[in-house]
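As structure tokens, the structure follows; a few thoughts come after it.
Chain identifiers are assigned alphabetically (A, B, ...) following the order of the sequence lines, protein sequences preceding nucleic acid strands; residue numbering begins at 1 within each chain.
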Amino acid sequence: MAEKIIRAVRGTRDLLPPETELWNHVESTARRIFTRYNFGEIRTPIFEDTQLFARGVGEETDIVSKEMYTWEDRSRAQSEKAQSLTLRPENTAGVVRAYIEHQLGESGLLQKLYYIGPQFRRERPQKGRYRQFFQIGAEVMGPQSAGSESPLRDAEMLEMLTSLLDELAITGWTLNINSVGSASDRPLYVEALRKALQPVIGRMCVDCQRRAETNPLRVLDCKVPEDQPVIETLPRIADSLDDASKAHFAAVCAALDICGVPYQRNHRLVRGLDYYTRTTFEFTHGGLGAQNALLGGGRYDGLSEMLGGPKAPGIGFAIGADRLVLTLQAQQAEQASLPPDLADAYLAPMGVVLDAPALSLARELRRAGLRIDLGDGSFRLKKSFETGNKLARQIILFGEDEQQSGIFTVKNFANGEQTKVAREHLVTALKSIEK
RNA sequence: GCGGUUAUAGUUCAGUGGCAGAACGCCGGUCUGUGGCACCGGAUGUCGUGGGUUCGACCCCCACUAGCCGCCCCA
């Protein structure tokens, strides 16, 4: 009776070579760019106290109210309390928690932190949407005296993101920006919006009727064509901003203009997390289908205080790494396919008695920095050639003759050239092949 | 959470109420220290899972599971 096979659970997936190479490329590029802007890496736990997300992200958001993986962590001793824990659905709350916990603001400096890691939301899987997905994000926060509230921080972050996308050669993106108001003027706007919706909501789609109750801001996001004329008549966030927020947003836009960063002001752009204030933004890409948001973010000037910390305004973003990779794959598919990723050489022992000596030679070559695929002495020579041709650029024959003479036969798969190389010259000879 | 759609060999996919198929890949041979090419041969599989209808189901029906697409949401 065969055992039933166990498969990856719904919404999770294995990333395999050669795709993982693209992931590494994306991640290392992000690290390089972030370093250039003087960011440092932070790694926070993948699970946290449930309260962190309830208070930070917002009890009423979809993420907290229906998408979190939450469980009761049982107590194992009388002294230990049971605790509700949650797999992180996003990383900003965790970073801010760490900022507070380690009193990073006490340095008086701006904290510029980036992270790369898995996040978890229990959503219906779809293209570009998984239950375990990966985000690459960064946060800039600190005491006001460090300049954390400056519009320059917003503009610098957006400029950095366009540089990252350029570095990855991602084309065809659109940057939308908006200001959703400060912690004090946003509630006023939401109230005004509720009021304005009351007489017209009956004519809108069912989703909007629900949103009008739960989260009126999301009505602005509605894509139903029939609702558009109604939405146009609703008050705009921009009109209810206080003077400071207006000036802040204008300064962000002005800095972007001077840098030549292309963007679209979108007064209907809202975010799904409660902590966002003032500047919000989103980069979208047409090739992604329904899940077209490549990355999103914004300011969260009050988040630290919501979590019991000191005043520490900040701004951050999260890139959907899965979507970034999808976009790159789509772009690569349009272009010529990439050459296969091959080892420098395939070392073919000819006979099992040569297996161990071959391992010793492979060790020598690998320690010299060469990428070597070691074959198997039980293979017939033809099989060694066939296998080597799939895995490497050249093949080293290691038979009795070579063992005796210390002179190896090296054949280049690309041009068929075969040479005899003494062991002490092998490294140089193997490295000289063009890639 | 809702709607649509799909599930057959390692992969991409045909297929018919009555013996399970192709291409590519894989393994072997022609070819015993020389690959790609060619020719010859071979193995594929609970036809997603579980029920039902039927003399008989890969095919029809139901349920479930999973993928994809859309809604929702967001990265």
Quick one: look up who B:rC64 pairs with, Watson-Crick or G-U, both distances under 3.5 Å, and put none if it's unpaired.
-> B:rG48
Would you classify A:Ala8 as touching base, sugar-phosphate or nothing, given that sugar-phosphate means primed atoms plus P, OP1 and OP2, and contacts are heavy atoms under 4.0 Å?
-> nothing
Quick one: A:Asp14 CG to B:rA66 P, roughly how many Å, whole number?
-> 16 Å
Touch check for A:Ser384, heavy atoms < 4.0 angstrom, all strands: base, sugar-phosphate only, or nothing?
-> nothing
Base, sugar-phosphate, or nothing: which does A:Asp221 touch, judged by heavy atoms less than 4.0 Å apart?
-> nothing
Sugar-phosphate, base or nothing in reach of A:Gly416, heavy atoms under 4.0 Å | base
Across the strands shown, which category fits A:Ala290 at heavy-atom distances under 4.0 angstrom: base, sugar-phosphate, nothing?
-> base
Sugar-phosphate, base or nothing in reach of A:Arg323, heavy atoms under 4.0 Å | base
Considering only the C1' atoms, how many Å lie between B:rU12 and B:rC19, rounded to the nearest integer?
-> 25 Å
Backbone N/O of A:Gly287 and side chain of A:His285: donor-acceptor pair under 3.5 Å | yes
Do we see a donor-acceptor contact under 3.5 Å between the side chains of A:Arg271 and A:Thr280?
-> no
With heavy atoms under 4.0 Å as the rule, sort A:Arg380 into base, sugar-phosphate or nothing.
-> sugar-phosphate
Please indicate yes or no: is the ring centre of A:Phe413 less than 5.5 Å from the centre of the six-membered base ring of B:rG36, with the two planes inclined by under 30 degrees?
-> no
Within this structure, what is the CG-to-P distance between A:Leu220 and B:rC74, rounded to whole angstrom?
-> 13 Å
May I ask you to check whether over 12 heavy atoms, not counting those of A:Glu417, lie within 6.0 Å of atom CD?
-> no
Rounded distance (Å) that lies between atom P of B:rU49 and atom CZ of A:Arg7 | 10 Å
Using the C1' atom on both, measure B:rG10 against B:rG4 and round to a whole Å.
-> 30 Å
Separation of A:Arg129 atom CZ from B:rC2 atom P, in whole Å?
-> 13 Å
Against the side chain of A:Thr409, the closest entry in B:rC74, B:rG70, B:rU34 is B:rU34
Touch check for A:Leu295, heavy atoms < 4.0 angstrom, all strands: base, sugar-phosphate only, or nothing?
-> sugar-phosphate
What is the nucleic acid contact for A:Arg210, judged by heavy atoms within less than 4.0 Å: base, sugar-phosphate only, or nothing?
-> sugar-phosphate
Determine the Euclidean distance between corresponding C1' atoms of B:rC47 and B:rC59; express it in Å to zero decimal places.
-> 10 Å
So, is A:Lys390 close to the B:rC26 phosphate, meaning a side-chain N or O under 4.0 Å from OP1 or OP2?
-> yes
Is the gap between the ring centers of A:Phe317 and A:Phe281 under 6.0 Å?
-> no
Closest-nucleotide 5' rank along RNA chain B - winner of A:Gly296 and A:Cys222 = A:Cys222
Contact class for A:Gln418 vs. all strands (heavy atom < 4.0 Å): base, sugar-phosphate, or nothing?
-> base
hbond_proxy A:Lys411 side chain to B:rU34 base (donor-acceptor, 3.5 Å cutoff) | yes
Less than 6.0 Å separating the ring centroids of A:Phe34 and A:Tyr114?
-> yes
Other residues, nucleotides, ligands: >12 heavy atoms within 6.0 Å of A:Tyr69 OH | yes
With heavy atoms under 4.0 Å as the rule, sort A:Gln291 into base, sugar-phosphate or nothing.
-> base
Across all strands, who's sitting opposite B:rG41 as a Watson-Crick or G-U wobble pair, both distances under 3.5 Å?
-> B:rC27
Give one of base, sugar-phosphate or nothing for A:Gln126, where a contact means two heavy atoms less than 4.0 Å apart.
-> base
Which whole-number value in Å describes the distance from A:Tyr346 OH to B:rG36 C1'?
-> 16 Å
Taking atom P of B:rG36 as reference, at what distance in whole Å does atom CZ of A:Arg393 sit?
-> 20 Å
Checking all strands, does A:Gly388 fall into the base, sugar-phosphate, or nothing category for heavy-atom contacts under 4.0 angstrom?
-> nothing
Go ahead and name the base partner of B:rC58; Watson-Crick or wobble counts if both distances stay under 3.5 Å, otherwise write none.
-> none
Should the pair A:Lys382 and A:Phe385 be classed as cation-pi, given the thresholds of under 6.0 Å to the six-membered ring centre and 45° from the axis?
-> no
Rounded to the nearest angstrom, tell me the gap between atom CD in A:Glu123 and atom C1' in B:rA66.
-> 18 Å
So is A:Arg13 actually on top of A:Tyr130's ring, under 6.0 Å and inside 45° of the axis?
-> yes
Please determine, for B:rG3, whether a Watson-Crick or G-U wobble partner exists with both distances under 3.5 Å, and give it or none.
-> B:rC69
How is A:Glu402 classified with respect to the nucleic acid when contacts are heavy atoms under 4.0 Å: base, sugar-phosphate, or nothing?
-> base
Out of B:rG33, B:rC68, B:rC2, which has the shortest distance to the side chain of A:Arg124?
-> B:rC2
Rounded distance (Å) that lies between atom P of B:rC73 and atom OH of A:Tyr130 | 20 Å
